[in-house]
Amino acid sequence: MGRLTRRQVLKVAGGTALALATGGAARPLLGWAVAQEPTRPLLPAPSRRVAIVGGGISGAMCARTLRKIAPDLEVVLVERNPTYVSGPSHVDYLVGLEDVRRITVGYDGLARDGVKVLRAAATAIRPAERRVLTPVGFVEYNALLVATGLVPAAQEIRQLLENQTLAPHAWTWPGTRELRRAVEGFRGGTFVITVPPPPYKCPPGPYEVACLVEEYWRRKGVRAEVVILDANDRPQPPLLAELWRRVLADRGIVYKPSFKVVELDPTTRTLISDRGERQRFDLASVIPPQRAPLFVEEAGLGAPFIPVDPATFRSRAHEAVYAVGDVAAVPYTKSAFTAFLQGRNAAYAIARALGKEPGEPEAIFNQCWPFVSSSEAMLVEVAWTKEGRPMAERNRTAGPSRDHVRARKGWEYGILRAAYG
Amino acid sequence: MPAVLVGLLQGLLVLQLAGLRSPTATAQVGESTQVRQDAVLSRKVGAGERVVLTVSTTSLADISIYEITGEREEEELFRAGGTPRTAKVFTSVVQVSYPLASLSGTEFLVRIQHRKPGIATVSYQPGTQDEAMSRLRRGQNLERNRGTAHVQQGFYSMPLYQLVPGTVVELEVEEGHGPVALFKVKDYLEVREERASLASRCRPDRCVDVASGRRRLELFVQDYDDLYLVATGPVRFRYRVVATPEVLNYISSCT
């Protein structure tokens with residue numbers, strides 16, 4: 001019988017899609033399964049293996065880049081979902097601008113490139129033993145890339161965790177579907193969207209949602225007041241603050257800066273700020289603060305994000321661990337654009353660490369094309385040196401244009417192809 | 001410059017007063033000056049600048065700082081003594097130092113409201129954001145803001161927003177006993193709503209309390225959570241927010 005640890009309490013709620021027997025005994029208890037530390041390796045002992053946890057844009061791009069620049073390295077991707085729905089298109093999907101089939105990718109392309117795709121949920125990381133644990137066994141690695149993305153920390157807003165159906169948001173795929181249903185069924189009243197303090201992923205996102213739903217309801221003849229409660233003192237990102245103010249004012253969207261939501265009162269359908277101010281809503285979208293998944297924090301890799309070297313993405317705590325994308329504490333914008341480039345660049349650093357000479361990747365930069373309507377978007381562009389220093393001279397913004405929408409979609413389809421094949 | 005960086009570099013608002021026509025007149029920047037009556041002063045900050053304001057008073061004052069954004073009603077409200085949402089307010093202070101920076105150039109209004117008769121001395125130190133960043137890159141610390149507050153009685157609180165890992169918050173009791181605490185939002189709300197006492201939520205790493213032998217503390221911030229400075233009077237305390245070079249790994253995260 002395997003060893004039982006306090007940490008290994010997992011809820012097994014039907015349908016994990018994993019048919020393999022566990023490496024230790026599992027004993028159901030009141031609907032919960034007390035799982036033992038897995039004792040079975042899922043793969044033979046590694047010689048030069050890179051394990052990647054998380055098959056989003058940054059993880060997938062790292063995997064594909066490694067196969068290209070260092071084909072003799074073994075690359076294993078641990079991903080719990082069968083497909084990935086493109087994050088940048090959550091807001092498009094919300095108001096019917098995008099078909100889910102066009103923005104959903106599978107992992108067959110990575111498999112064809114020689115990436116071993118393990119469909120399993122990572123439940124723990126053991127940096128000292130260089131293992132990633134799953135419910136059905138463990139994977140050993142020579143280098144690990146953590147690309148899990150972030151999880152919403154609803155518990156940081158009072159009464160939100162138990163009332164999330166009142167305030168869905170588009171920062172997860174299930175939340176996006178839920179919010180879309182709510183948007184489609186809205187019959188009028190006050191819609192409130194909240195913006196958390198930074199850093200959070202996709203800084204312009206909340207304002208995009210506000211603009212898109214305002215247009216959606218206006219076209220449907222639904223009388224809606226759209227309100228933004230912003231924990232920040234200006235719209236984000238700061239380079240676009242002035243443009244955003246004008247856009248929001250033009251659309252009659254009520255903008256309340258310095259309103260940091262700390263509580264949701266479900267009885268009165270009210271959002272409450274840290275100063276005690278109150279805002280009533282008929283429909284709300286509360287975007288909570290975001291942080292690394294708990295198993296990342298429990299592995300001692302860092303919280304709320306994983307501190308890494310911004311040039312190599314190597315963990316400051318464990319030399320064989322790397323982190324990219326939203327989960328990494330880096331100077332780069334938390335966006336799909338930089339996540340894609342971070343994944344690429346981390347591949348070079350990992351390959352070098354494992355004895356290859358892959359050359360040098362380009363430095364990270366960011367481009368965002370935030371929607372202001374279904375047909376127009378703005379542009380913001382920033383760049384960093386290879387060491388992660390901001391290059392203010394490269395800052396660029398541009399007002400709404402149809403060209404920016406075309407650029408946005410072209411970029412998105414392009415990176416999905418590049419990362420997933 | 002990203003907003004967090006702008007916030008990080010904010011410090012002293014330097015106001016130079018060329019001449020004050022009336023107690024509530026708006027005046028352009030001039031030389032360092034003394035203000036005996038309530039006043040609203042203005043200072044333009046150019047793109048890339050980091051102008052540090054210090055206001056020191058011989059008694060006690062409320063200092064409010066507002067960045068003009070084009071919202072006319074807000075500006076009028078501020079000039080009339082009200083507090084727009086985005087105004088930074090420092091109540092019951094003996095001294096406050098706060099840097100203002102701007103990505104694209106802007107104008108700030110500073111309001112001085114004396115709680116007791118006294119003389120407020122307003123001075124400025126010019127500088128740029130590049131200079132501030134260079135200081136951090138050279139491995140030196142950078143003061144973000146500081147102040148000395150005198151709480152005569154009752155509950156006092158002040159938020160410290162936009163903290164990033166690598167920031168240090170210093171707190172020291174100068175007179176009285178405290179406690180004075182640095183709370184995260186959960187404890188702050190419980191104390192403010194009187195569901196818990198200030199003393200019950202005090203921990204040695206978060207509170208100065210002379211009765212317990214802790215007159216001073218240095219808190220090393222390791223996350224992005226806002227903090228709330230909380231005290232009950234009578235107490236006079238000093239606070240200081242300092243960026244260490246470590247913040248360079250984090251401050252552009254909000255770009």
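First the proteins, then the strands, lettered A, B, ... as listed; each starts at 1.
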Worksheet item: Can you name the residues of residues 184-194 of chain B that have some heavy atom under 4.5 Å away from a heavy atom in chain A?
Response: B:V185, B:Y188, B:L189, B:R192, B:E193

Worksheet entry | chain B contact via A:R246 - side chain, backbone, both or neither, heavy atoms under 4.5 Å | neither

Discussion item. Does any backbone or side-chain atom of A:K256 lie under 4.5 Å from a heavy atom of chain B? Answer side chain, backbone, both or neither.
Written reply: both

Worksheet item: With a 4.5 Å heavy-atom cut-off, do B:N249 and A:V330 have their side chains touching?
Response: no

Practice prompt. Answer with side chain, backbone, both or neither: which region of A:P310 has an atom nearer than 4.5 Å to a non-hydrogen atom of chain B?
Written response: side chain

Item to complete: Would you mind checking if A:R291 and B:D223 are paired as a salt bridge, meaning a charged N to carboxylate O distance below 4.0 Å?
Response: no

Worksheet item: Can a salt bridge be assigned to the pair B:E71 and A:R245 using a cut-off of 4.0 Å between side-chain N and carboxylate O?
Response: no

Worksheet entry | B:Y161 vs A:N232, side chain to side chain donor-acceptor pair (under 3.5 Å): CA-CA, chis, key distance, verdict | CA-CA 9 Å; B:Y161 292 133; A:N232 305 287; over 6 Å; no

Item to complete: Give, as side chain, backbone, both or neither, the part of A:A303 having an atom under 4.5 angstrom from any heavy atom of chain B.
Response: backbone

Worksheet item: What residues, two or more places apart in sequence or in another chain, satisfy disulfide bond (SG atoms under 2.5 Å apart) together with B:C202?
Response: B:C207

Worksheet item: Is the ring centre of B:Y224 less than 6.0 Å from the ring centre of A:F305?
Response: yes

Fill in: A:P331 to B:L248 - nearest heavy-atom pair and separation
CG-O, 4.0 Å

Worksheet item: Hey, does A:P307 have a side-chain heavy atom less than 4.5 Å from the side chain of B:Y250?
Response: yes

Discussion item. Before you tell me yes or no, could you show the steps for A:R389 and B:M133 under side chain to side chain contact (heavy atoms under 4.5 Å, CB included), namely the whole-Å CA-CA distance, both residues' side-chain angles and the distance that decides it to 0.1 Å?
Written reply: CA-CA 10 Å; A:R389 277 209 223 160; B:M133 289 291 282; over 6 Å; no

Practice prompt. Using non-hydrogen atoms and a 4.5 Å limit, figure out which bit of B:T69 sits close to chain A: side chain, backbone, both or neither.
Written response: both

Item to complete: Taking all heavy atoms of B:L103 and all of A:P238, pick out the closest pair and write down the distance.
Response: CD1-CB, 3.9 Å

